[in-house]
Amino acid sequence: MLNIVIIAIFCFLLLALLRKKRKQRPTNQDKASDEGAAYEAQGDYPAALAIYTKAAGLGDINSINNIARFYYEGLAVDQSYAAAMAWYRKAAKLGSLIAQQKVGYMYANGLGTVKSYKKAMRWYERAYNSYKDGWAANKIGSLYENGYDKGGVNYTLAFAWYSRAAEQSAEGMNNLGRMYYNGWHVEQSYSTAMEWYDKAAQAGDAWAVANLAYMYLHGEGCEQDVEKSIKFYRQAADLGSAHALTMLGSIYYNGFMMAEDYSEAAYWFGRAYDEHKDGWAANKIGTLYENGFGVPIDHALAFEWYEKSANTGCHEGINSLGTMYLHGKHVPQSYEMAVQLYTQSAEAGDTWGMANIGWLYRNGFGVKQDTEKALYYYNKAAGLGNAYALDMLGNLYYYGELVEQDYSKAFHCFSKSSELGSDDGMSDLAYMYEHGLHVEQDGHKALELYSQAAKRNHSSALHGIARIYAEGCGAVEQDLEKSLEYHLKGTELDYDWGYIGAGWQFEHGEGCEQDYGRAIEYYLKAVSLGNGWAAHRIGYCYEIGMLGQLADYERAVEWYIKATELDYAEAFSYVGNMYYNGFGVPPSYELAIEWYMKGVAAGDSQSMTRMGEMHEDGEGTEVNCGKALYYYKMAAELDNELALYNAAQLYYDGRGANQSYEKALEYFIKACELDADDAAIAVAEMYEKGEGTEVNLKEALKYYKLAYSCGEDVSAKIRELIVRINK
């Protein structure tokens with residue numbers, strides 16, 4: 001009996017050994033897979049496909065997966081995600097881990113099938129349950145983290161699946177680190193995040209290495225160490241991270257905790273594009289060439305790189321191309337092309353594209369001017385955190401352009417823009433503090449904001465600081481030497497108003513010795529930058545004789561005309577005045593009127609006022625008080641105090657219009673708000689006599705006192721009224 005048992009055991013072991021050997025012996029299907037792979041290596045995809053197809057018919061899982069891959073990538077067949085999905089499903093049902101992963105991925109992304117996160121989840125779970133696959137567990141965690149499950153975002157389940165993934169997957173470790181970094185489901189802990197990132201990095205995960213680099217860059221969970229950050233970003237780049245390449249480029253481009261190094265930036269951005277076709281990086285290279293950062297300005301190369309960026313679908317690149325067409329850089333200027341590209345960029349979600357298309361609608365360039373669309377795009381970009389759009393909205397509310405003037409809303413927009421780091425926003429907010437608009441005047445707060453922007457060489461912020469010290473502002477005392485210091489900093493940036501500020505101080509000897517030569521030198525620099533005010537100032541200096549020499553009317557006329565050519569509207573009235581008085585040119589009312597009318601067309605209130613006076617007095621034209629009133633009212637809309645006074649006088653006298661004391665009083669009061677002397681007396685007399693209003697001696701006294709404070713000798717009238725009021 002024992003012998004029979006021994007023989008039976010021996011036979012069982014022999015049979016098991018034979019089965020094991022048979023299992024180890026290559027099958028025909030294995031040979032087919034190897035043969036197909038050999039043809040693939042030679043680039044003979046049709047031959048490989050034929051072999052895989054034959055083996056797949058015999059149930060070879062590897063061959064089925066390979067056929068699916070051929071359809072997925074379009075090798076030897078037309079690419080078809082649907083066909084790839086069908087083949088992957090066959091392999092997945094036969095138990096292939098690769099196929100189960102792929103089927104889940106294709107459901108999650110809607111490749112070859114209707115997108116279904118529920119089905120993706122099912123296949124990922126199948127892969128995990130069958131093989132404890134960390135990649136699949138990580139994908140499930142991602143679905144829960146991003147709220148793709150019906151229950152919405154679920155950090156608890158995401159954390160649980162990332163924990164399972166971390167047992168097998170470096171990606172899982174990295175994602176656990178992110179959960180700790182952000183405090184999702186667990187208490188936020190930078191140190192724990194770094195521990196998980198470090199584990200994932202040692203396992204070769206590029207994102208984990210990049211995340212460590214980011215934490216060292218910003219000193220989160222560790223001491224800030226830019227060198228160590230760069231070291232990790234380089235390591236991540238070598239592991240194939242496009243993000244690391246762009247971050248390296250950005251560090252050198254922006255000069256993070258170091259001086260800018262545009263050549264290094266170009267190297268890393270170039271690698272990002274060459275290795276990953278990164279459109280954002282291509283766009284940054286375009287900015288280097290467009291602005292001459294580290295390289296000579298080259299609009300042709302800038303355009304070429306912007307095109308490369310746009311061709312990747314990068315909305316920043318598309319927006320940059322739009323700007324090239326807007327300004328006619330390398331290509332003929334075309335507002336229509338700018339509209340097309342900005343719209344495309346905006347529709348892709350680019351906030352700069354939104355802001356820029358808003359600007360085009362605001363100004364009617366390439367499109368019909370449309371207030372509603374301009375505001376729509378500005379608000380959309382602002383709502384998505386575009387600091388420029390917020391600043392633009394602030395300016396619209398500040399000036400009452402397209403919308404009703406509202407300092408409160410302007411202040412809000414400037415504040416938001418400033419919080420987002422916009423130098424323009426900080427400078428505009430500082431201006432409101434400087435002048436006490438919607439907020440109590442605060443010179444120190446204004447200086448603080450201007451100074452933040454000035455650190456990055458924001459030219460108008462430098463000018464704001466100089467202005468505060470030049471005039472004094474609240475608790476900030478006047479300091480003309482400091483004012484000159486900041487104006488000179490502006491000249492180092494080749495800023496026109498920096499030159500003008502410095503020129504003015506040297507002209508008048510403010511904070512320095514008077515030096516007409518340097519004053520003219522700075523004014524000429526500003527003129528070379530296209531500043532019409534500077535040209536006008538030179539003309540005025542020649543007219544008055546303020547340059548250490550006698551008046552030179554001929555040169556004054558030349559410079560006034562130069563100022564008009566540089567679109568300085570006020571200069572038109574000055575040229576007209578020179579012809580009116582015959583200073584430097586033969587006297588001519590006709591030519592004076594010609595220049596005044598040019599000024600009217602340019603929107604100059606002084607030219608409008610002078611045209612009113614010419615018609616009122618009949619100089620160079622017939623007396624026509626109706627036309628005089630027309631021009632005065634036009635200038636009055638622009639708050640010209642003389643025009644307001646003259647219009648009031650015509651209404652008072654009933655010249656050019658029916659006599660109206662009510663309108664006369666209205667205009668006198670408006671004029672008084674701008675220039676109180678003569679207008680204040682006129683208002684006081686009308687209240688005293690009851691013209692256009694009821695007699696009101698207290699109001700009359702108030703305006704007489706206002707006139708007195710402006711130097712008018714009305715003391716006797718004030719004493720008389722006090723006696724009458726006290727009776």
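Hydrogens, waters and symmetry mates are skipped; everything else that's a heavy atom, side chains included, is used.
Judged as a side-chain hydrogen bond (donor to acceptor under 3.5 Å, both in side chains), and not counting sequence neighbours, the contacts of S345 are D350. With sequence neighbours excluded, no residue forms a salt bridge (Lys or Arg N to Asp or Glu O under 4.0 Å) with E316. With sequence neighbours left out, K308 forms a salt bridge (Lys or Arg N to Asp or Glu O under 4.0 Å) with E304. Annotation: side-chain hydrogen bond (donor to acceptor under 3.5 Å, both in side chains) contacts of K562 (sequence neighbours excluded): none. A310 is linked by a side chain to side chain contact (heavy atoms under 4.5 Å, CB included) to I318, L321, counting only residues two or more places apart in sequence or in another chain. Residues meeting the salt bridge (Lys or Arg N to Asp or Glu O under 4.0 Å) test with K416, sequence neighbours left out: none. Residues that satisfy the salt bridge (Lys or Arg N to Asp or Glu O under 4.0 Å) test with K702, not counting sequence neighbours, are E699.
A salt bridge links K670 with E666; the closest basic N to acidic carboxylate O contact falls under 4.0 Å. Ion pair E492/K489 not flagged as a salt bridge, since none of the NZ, NE, NH1 or NH2 atoms sits closer than 4.0 Å to an Asp/Glu carboxylate oxygen.
Screening residues 331-348 for salt bridge (Lys or Arg N to Asp or Glu O under 4.0 Å), with sequence neighbours left out, gives no hits. Contacts classified as side chain to side chain donor-acceptor pair (under 3.5 Å) and involving residues 453-466 (residues at least two apart or in different chains) are given here: D423-R456, D424-H458, S427-S460, H458-S460. Within the structure, salt bridge (Lys or Arg N to Asp or Glu O under 4.0 Å) contacts touching residues 375-392 (residues at least two apart or in different chains) do not occur. For residues 475-485, the pairs satisfying side chain to side chain donor-acceptor pair (under 3.5 Å) are S483-Q505, with sequence neighbours left out. Note on residues 318-332: pairs passing side chain to side chain donor-acceptor pair (under 3.5 Å), not counting sequence neighbours, are N283-S320, E290-K329, N319-N356, T323-Y342.
In this model, a donor atom of one side chain and an acceptor atom of the other lie less than 3.5 Å apart for E543 and Y560. Under the 3.5 Å distance criterion, with hydrogens and angles disregarded, no donor-acceptor pair is assigned to the side chains of E448 and Y433. A donor and an acceptor atom, one from each side chain of D494 and Y499, are located under 3.5 Å apart.
One N or O on the side chain of T609 and one on the backbone of S605 form a donor-acceptor pair closer than 3.5 Å. Between the side chain of S417 and the main chain of A387, a donor-acceptor pair closer than 3.5 Å is present. Remark: the backbone N or O of F411 is paired with a side-chain donor or acceptor of S415 at under 3.5 angstrom.
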Could you walk me through whether L390 and S422 pass the side chain to side chain contact (heavy atoms under 4.5 Å, CB included) test, one step at a time? CA-CA 9 Å; L390 279 162; S422 165; over 6 Å; no
Where do L642 and Y632 land on the side chain to side chain contact (heavy atoms under 4.5 Å, CB included) test, with the steps shown first? CA-CA 8 Å; L642 179 58; Y632 288 148; over 6 Å; no
Test side chain to side chain donor-acceptor pair (under 3.5 Å) applied to Y568 and N531, step by step: CA-CA 8 Å; Y568 186 66; N531 189 292; over 6 Å; no
Tell me, with the steps shown, if Y645 and Y667 meet ring-ring contact (aromatic ring centres under 6.0 Å, His included). CA-CA 7 Å; Y645 184 88; Y667 276 91; over 10 Å; no
Take Y522 and H487 through the test side chain to side chain contact (heavy atoms under 4.5 Å, CB included) and record every step on the way to the result. CA-CA 11 Å; Y522 285 125; H487 277 139; over 6 Å; no
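Classification of the H218-Y214 ring pair by plane angle, with boundaries at 30° and 60°, yields tilted. Ring-plane geometry between Y398 and Y407 is classed as tilted, the angle between the planes lying from 30 to 60 degrees on a 0 to 90 degree scale. Ring geometry for W504 against W533 counts as tilted: the plane angle lies between 30° and 60°, on a 0 to 90° scale. Using cut-offs of 30° and 60° on the angle between ring planes, the pair Y377 and Y361 is parallel.
In this structure, R362 forms no cation-pi arrangement with Y378, as its terminal cationic atom is not both closer than 6.0 Å to the ring centre and no more than 45° off the ring axis.
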